[in-house]
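Every value quoted in this text rests on a predicted model; they were computed, and no experiment measured them. Letters go in sequence order (proteins before strands), and every chain restarts at 1.
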Number of protein chains: 2
Amino acid sequence: MNQLADHAESRKGRARRLGKNGDGAERHEAIYRSISDAIIEHRLRPGARLREDALAEVFGISRTGIRKILQRLALEQLVTLTPRRGASVTRPTADEAKDVFDARQMVECGLMPEVARRITEADLRELRDMACREREALRTGEQSTAIKLSAAFHERLARLSGNATLAEFVGRLCSRSSLILAVYGSPGHLGCESHDHDDLIGYLEAGNGERAAAFMSRHLKAIEASLSIVEEVDEAPDLHRIFGH
Amino acid sequence: MNQLADHAESRKGRARRLGKNGDGAERHEAIYRSISDAIIEHRLRPGARLREDALAEVFGISRTGIRKILQRLALEQLVTLTPRRGASVTRPTADEAKDVFDARQMVECGLMPEVARRITEADLRELRDMACREREALRTGEQSTAIKLSAAFHERLARLSGNATLAEFVGRLCSRSSLILAVYGSPGHLGCESHDHDDLIGYLEAGNGERAAAFMSRHLKAIEASLSIVEEVDEAPDLHRIFGH
DNA sequence: GGCACCGGTTACGTATACAATTGAAGCGTG
DNA sequence: CACGCTTCAATTGTATACGTAACCGGTGCC
C-alpha cells in the first residue's frame with residue numbers, strides 16, 4: 001500500500017496554499033502520470049487498493065482532485081471503481097485478456113502498412129533508440145523500465161500511422177496489456193522478446209508493410225501464448241457448480 | 001441552451017434531501033445518458049456551451065455530480081473541456097473526422113467475419129427490428145430517433161463479435177460520427193441509407209463474413225463521401241498568411 | 001471616433017464539511 | 001461452540017463555500 005511513498009517528496013508544505021502559481025492543470029496531469037506509471041510498471045499490483053485519503057495526502061492535494069484522476073483511470077480501465085468500496089488496481093479477467101490481445105491483433109497489424117508508408121528517417125532513429133533503451137533495461141534487470149518502454153514502443157509505432165484516434169486506442173490497449181502481464185505473465189519473462197522490436201523496425205525500414213504486419217501478428221501471438229491463463233478460483237465459487245443447481 | 005428543458009420534470013423538490021432512496025449511482029447514469037443522447041441526437045449542436053450551474057439546476061443535483069459527468073463525456077470526446085472556459089459540445093475537426101472514419105473502416109469491417117460466424121437467429125431478429133424502427137423513424141421524419149438508432153445498430157453489431165473492448169470502441173466511434181454528421185453532414189441526408197442496414201443483415205444471415213465486410217466498407221465510405229468537409233476559418237487566422245507575415 | 005484601460009460580474013477550480021453506507025469486531029443466545 | 005445480531009469505525013458520496021481567473025460593460029484618453 002506504500003508503493004507510492006517514493007512520490008511523497010514532502011509536498012505537503014506547498015499543499016496548503018495552492019492555486020497562486022497556475023500549475024493546477026499540469027499538476028493534475030503529473031499526478032495522473034505518476035499513478036498510471038506505477039500501475040503500468042507493476043509497482044502497484046492488480047488488486048491493490050487506492051484509498052482516496054491516502055493518495056490525497058501523498059500528493060498534497062485534496063480528495064476532489066484525486067477523485068477526478070481516479071475516475072479517468074477507471075475509464076481507461078486501469079483501476080476499478082467499486083461503488084461504495086473505493087478504487088483498486090484492475091485485475092483483468094481471462095476474457096478481458098483475450099479481448100485486449102484480439103483487439104491489438106486487429107488494430108496494430110492493420111496499422112503496419114500505413115506506418116511503413118509514412119515512416120521517416122527520424123522516426124526510425126527514434127524507434128531504434130527506444131528499442132535500444134528497452135534492451136538495455138532488460139539486460140540490467142530494470143523490469144519496470146523495460147515494461148514501460150515496451151508499451152511506449154508499441155504506442156509510438158501506432159502514432160506513426162497518423163491516426164490519433166487509433167493511436168490513443170492502442171495506447172490504452174498497451175496499458176491494459178501491462179496489467180494482464182502482471183496477472184498472467186510468467187515471472188521473469190515480460191512480454192516482448194528483446195530483439196523482436198528491432199526486427200520489426202527492419203521490416204518497416206524496408207517499407208514492407210505486409211511483412212511488418214505479419215511479424216507483428218506473430219509477435220503479439222507469442223506474447224499471448226506466453227501467458228499462463230489460469231483463472232484462479234477465489235472464494236468457493238464452485239458451490240453452485242458442485243451441487244447440481 | 002434550453003434544449004435540455006424536457007428533462008427538468010421539476011426534480012428540484014426531491015433534490016434537497018437526496019440519498020435516502022439509493023438511486024445515487026443510477027441517477028448519475030441516467031443524467032449521463034440524457035446529455036449523451038441529446039448530443040448524439042443533435043438536440044445539442046456542436047459548440048453549444050454546457051454551463052455547470054445550469055445543468056446542475058436542470059437535473060436537480062449539485063455541480064459536483066455534473067462535473068463528474070462532464071468529465072466522462074470529455075474523455076469520450078463528446079464534449080470539450082476548456083480549462084477556465086467550461087464545457088461545450090465538441091466540434092470535430094476535419095482531421096478527426098477522417099481518423100474516426102478510418103478507424104471505423106478498420107474495426108467494423110474487421111469484425112464482420114467473426115460476427116457472421118457467431119450470429120444467432122435471435123440476434124438477426126433483433127437487428128431486423130432495429131433496422132425496421134430506423135426506417136420508420138426516417139420515414140416519419142424523426143431525425144433524432146433515426147440518428148440514435150443508426151449509431152445503436154452499428155454498436156450492437158460490433159457487440160455481436162463477442163469482443164467487449166472493440167465493441168465499446170466502436171460505440172464511441174459511432175457517437176463521434178454522429179457529431180461529425182452534425183457539423184459536416186448535408187442537411188436532410190443523415191448518414192446511413194435506409195436500406196443499407198437491411199442488406200447488411202442479409203449477408204450476415206447467409207454467413208458470408210467477407211461480403212458483409214466489403215459491404216460495410218462501401219457503406220462507411222458512402223457516409224464519409226456524403227460529408228461536405230469544408231473547414232470554416234473561425235477567427236481571423238489568415239492574417240499571418242495573408243500578409244507574408 | 002477609436003482604442004485601450006479597468007472595475008463588476010459570472011462561472012469555474014479547489015477545499016472542506018457532513019451524511020450515509022459498508023465491513024468487521026464484540027456480544028449475546030440457542 | 002457456533003451462529004446471528006448489534007454497534008462502531010472507516011471510507012466514500014454529495015453538497016456547499018470560497019478564491020480566482022476570464023468575459024463584458026463603461027469610461028477616459030489619444
Side-chain angles (χ1 to χ4, degrees), chain A residues 1-2 4 11-32 35 47-75 79-89 234-236 239, chain B residues 1-2 4 11-32 35 47-75 79-89 234-236 239:
Chain A
M1 68 185 71
N2 280 5
L4 288 166
R11 229 181 261 258
K12 292 201 284 197
R14 28 184 322 215
R16 280 283 74 86
R17 249 164 40 286
L18 177 139
K20 61 177 184 184
N21 42 359
D23 61 346
E26 305 153 19
R27 176 117 190 77
H28 274 57
E29 183 69 18
I31 296 173
Y32 162 78
I35 302 179
R49 289 198 56 190
L50 301 170
R51 290 193 305 106
E52 298 180 354
D53 286 340
L55 290 172
E57 193 183 1
V58 166
F59 290 107
I61 62 174
S62 92
R63 278 178 48 215
T64 309
I66 293 294
R67 287 179 66 84
K68 198 161 83 173
I69 292 168
L70 285 178
Q71 212 180 81
R72 179 169 165 195
L73 289 166
L75 254 64
V79 316
T80 302
L81 238 45
T82 320
R84 292 268 178 195
R85 305 283 311 280
S88 60
V89 179
D234 307 285
E235 51 263 291
L239 288 188
Chain B
M1 72 183 67
N2 278 6
L4 289 164
R11 207 105 21 198
K12 291 203 284 197
R14 26 181 327 214
R16 281 282 74 87
R17 249 162 40 284
L18 176 140
K20 62 179 183 186
N21 42 1
D23 62 345
E26 305 153 19
R27 177 115 191 78
H28 273 55
E29 183 69 18
I31 296 173
Y32 163 78
I35 301 180
R49 288 200 56 189
L50 302 170
R51 290 193 304 108
E52 298 181 354
D53 288 339
L55 290 171
E57 193 182 2
V58 166
F59 290 107
I61 63 173
S62 92
R63 277 179 47 215
T64 310
I66 293 295
R67 287 179 63 84
K68 198 161 83 172
I69 292 168
L70 284 178
Q71 222 177 80
R72 180 169 164 193
L73 288 165
L75 255 63
V79 315
T80 301
L81 239 45
T82 319
R84 288 268 178 195
R85 305 284 309 280
S88 60
V89 179
D234 308 286
E235 53 262 293
L239 288 188

To the nearest 0.5 angstrom, please state how far the [atom1] atom of [X] sits from the [atom2] atom of [Y].
X	Y	atom1	atom2	answer
A/L75	A/L70	CG	CG	12.0 Å
A/T64	A/I69	OG1	CD1	11.0 Å
A/E26	A/I31	CD	CD1	12.0 Å
B/K68	A/Q71	NZ	CD	6.0 Å

With distance as the sole criterion, do the side chain of A/R84 and the base of C/dG23 form a donor-acceptor contact below 3.5 Å?
no
Rounding to a whole Å, what distance do you find between [X]:[atom1] and [N]:[atom2]?
X	N	atom1	atom2	value
A/I66	D/dT12	CD1	P	11 Å
B/L50	C/dT10	CG	P	20 Å
A/H28	C/dC12	NE2	C1'	13 Å
B/E52	D/dA17	CD	C1'	15 Å
B/D53	C/dT9	CG	P	17 Å
A/R85	D/dA9	CZ	P	20 Å
A/R49	C/dT22	CZ	P	14 Å
A/F59	C/dT14	CZ	P	16 Å

Residue list, salt bridge (Lys or Arg N to Asp or Glu O under 4.0 Å) with B/R67, at least two apart or on another chain:
B/E52
Identify whether any heavy atom of A/R51 sits under 4.0 Å from a base atom; if not, whether one sits that close to sugar-phosphate; answer base, sugar-phosphate or nothing.
sugar-phosphate
Of A/A87 and A/T64, the one whose nearest nucleotide on DNA chain D sits closer to the 5' end is A/A87
Where along residues 67-75 of chain B does a heavy atom come under 4.0 Å from DNA chain C, residue by residue in number order?
B/R67
Between B/F59 and B/I35, does a side chain to side chain contact (heavy atoms under 4.5 Å, CB included) hold up when you go through it step by step?
CA-CA 10 Å; B/F59 290 107; B/I35 301 180; 4.0 Å; yes
Apply salt bridge (charged side-chain N to carboxylate O under 4.0 Å, His left out) to A/E57 and A/R51, showing your working.
CA-CA 10 Å; A/E57 193 183 1; A/R51 290 193 305 106; over 6 Å; no
